[in-house]
Amino acid sequence: MGSRTVGRGGRSLGGGLVVAVAGCLAGALTACGAGGGHGAVKPTASGAGAGASSAVAARGGTIGAPGSACRLPVTFALAKNWKPESTVPDSAGSTSSPGSTGSSGSAAPDDDLAAEIADALLHQGPVTAVCEVDAKPAGHIGFLRVWTGEPGAADARSVLASFVGAEKGAAHATYRAFTTGGLSGTEVEYRVTSAILEETKTERALAVTTPDGPVVVHLGGLDDEEHRAMLPAYELAKSTLRVTAH
């Protein structure tokens, strides 16, 4: 699989890097903007907060272990029908789509620009997007995304604060500590406003540190309604989070 961009809104930018980035540049703001969404802002669920509990989704597969769709420093269960896909470039480092090279076989200038934009979209603060789990097969518009970083001294709270701080339009963050499966981490709920779309929606994420580096699991969604509908999948991931066995 070639390198893929990862939209911050309710849909993926996969399926061909150059085509996807061209779509972003053409104005697919709901996919590429920091706070992509549509329609009127919907209120946050009553009592919802970083410490609020939610139902846990029915369990489907598991990702993170060798041989799974995404090899990660952690493993966790996926909600039924959610589809995982790696966002890590293939072994050849290919970032161009078929037919995009010139007669000499070298990458076209547009391909270089696409690769540069993709690289920017795949990084947020100290972490890089490595996996996205699509909710569309389960009837929702959004993704559970996994980001990883290099091993270091930073704790989960610091990593998560840097992750949120790097997201344009993020505000009103509420942090809390949690423990699961022998792991201690931090989770956050925050609001993201798109200056272009003039819309605000809720996002949340959690961070843990492992011997292989920090891991951030992020849940966005097209809007607040979709975000609330996908919370059980997030809760399932959090409750089953474990360090990957070596």
Side-chain angles (χ1 to χ4, degrees), residues 1-16 20 30-32 36-38 42 45 48 50 52-88 121-122 124 127-148 160 163 167 178 180-181 183 185 187-189 192 201-208 210 215-244:
M1 185 185 95
S3 177
R4 306 172 64 251
T5 55
V6 181
R8 296 295 298 152
R11 65 188 181 204
S12 172
L13 300 181
T30 56
C32 305
H38 72 91
K42 298 177 177 64
S53 61
S54 178
V56 175
R59 186 166 179 162
T62 301
I63 61 170
S68 65
C70 302
R71 184 169 183 174
L72 307 168
V74 295
T75 62
F76 59 87
L78 301 178
K80 187 177 180 180
N81 295 327
W82 283 52
K83 182 180 179 181
E85 187 173 2
S86 174
T87 58
V88 178
L121 290 173
L122 287 167
Q124 184 166 319
V127 290
T128 301
V130 294
C131 185
E132 68 176 16
V133 188
D134 190 357
K136 196 180 293 89
H140 304 296
I141 305 175
F143 295 88
L144 193 66
R145 293 192 172 98
V146 185
W147 307 65
T148 61
L160 198 55
F163 177 82
E167 183 163 359
F178 75 94
T180 181
L183 285 168
E187 65 178 323
V188 62
E189 179 181 313
V192 177
K201 64 188 181 76
T202 301
E203 298 187 3
R204 72 183 63 203
L206 63 84
V208 295
T210 77
V215 178
V216 173
V217 180
H218 172 268
L219 178 69
L222 186 64
D223 53 27
D224 278 356
E225 183 177 355
E226 289 287 359
H227 182 84
R228 289 194 297 272
M230 295 187 296
L231 281 178
Y234 170 87
E235 294 294 337
L236 175 63
K238 183 176 75 171
S239 66
T240 58
L241 202 65
R242 304 288 186 273
V243 173
T244 302

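Reckoned from all heavy atoms, side chains included, excluding hydrogens, waters and symmetry mates.
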I'd like to know if the side chain of [X] reaches the main chain of [Y], judged simply by a donor and an acceptor atom lying under 3.5 Å from each other, with no hydrogens or angles considered.
{"X": "T244", "Y": "P73", "answer": "yes"}
{"X": "S86", "Y": "C70", "answer": "no"}
{"X": "E226", "Y": "G221", "answer": "no"}

Can you name the nearest heavy-atom pair linking [X] to [Y], along with the distance?
{"X": "V216", "Y": "A207", "result": "CG2-CB, 4.0 Å"}
{"X": "V56", "Y": "E235", "result": "CG2-CB, 4.2 Å"}
{"X": "A129", "Y": "W147", "result": "N-CE3, 3.2 Å"}
{"X": "T62", "Y": "R59", "result": "OG1-NH2, 3.8 Å"}

Only one of E203, R145, Q124 passes side-chain hydrogen bond (donor to acceptor under 3.5 Å, both in side chains) with H218, and that residue is E203
Hey, could you give me the [atom1]/[atom2] distance between [X] and [Y], rounded to the nearest 0.5 Å?
{"X": "L236", "Y": "L241", "atom1": "CG", "atom2": "CG", "value": "10.5 Å"}
{"X": "H227", "Y": "K201", "atom1": "NE2", "atom2": "NZ", "value": "8.5 Å"}
{"X": "D134", "Y": "I141", "atom1": "CG", "atom2": "CD1", "value": "10.0 Å"}
{"X": "L78", "Y": "I63", "atom1": "CG", "atom2": "CD1", "value": "4.5 Å"}
{"X": "M230", "Y": "R204", "atom1": "CE", "atom2": "CZ", "value": "10.5 Å"}

From V130, V208, V127, residue fulfilling side chain to side chain contact (heavy atoms under 4.5 Å, CB included) relative to V215: V208
Partner of L219 by side chain to side chain contact (heavy atoms under 4.5 Å, CB included), out of L144, T202, L206: L144
In the structure I gave you, are the side-chain heavy atoms of F76 and V146 within less than 4.5 Å of one another anywhere? yes
Return yes when atom CZ of R71 has more than 12 non-hydrogen atoms of other residues, nucleotides or ligands closer than 6.0 Å, and no otherwise. no
Residues passing the side-chain hydrogen bond (donor to acceptor under 3.5 Å, both in side chains) test with T210, sequence neighbours excluded, are none
How are the rings of H140 and W82 set relative to one another: parallel (under 30°), tilted (30 to 60°) or perpendicular (over 60°)? tilted
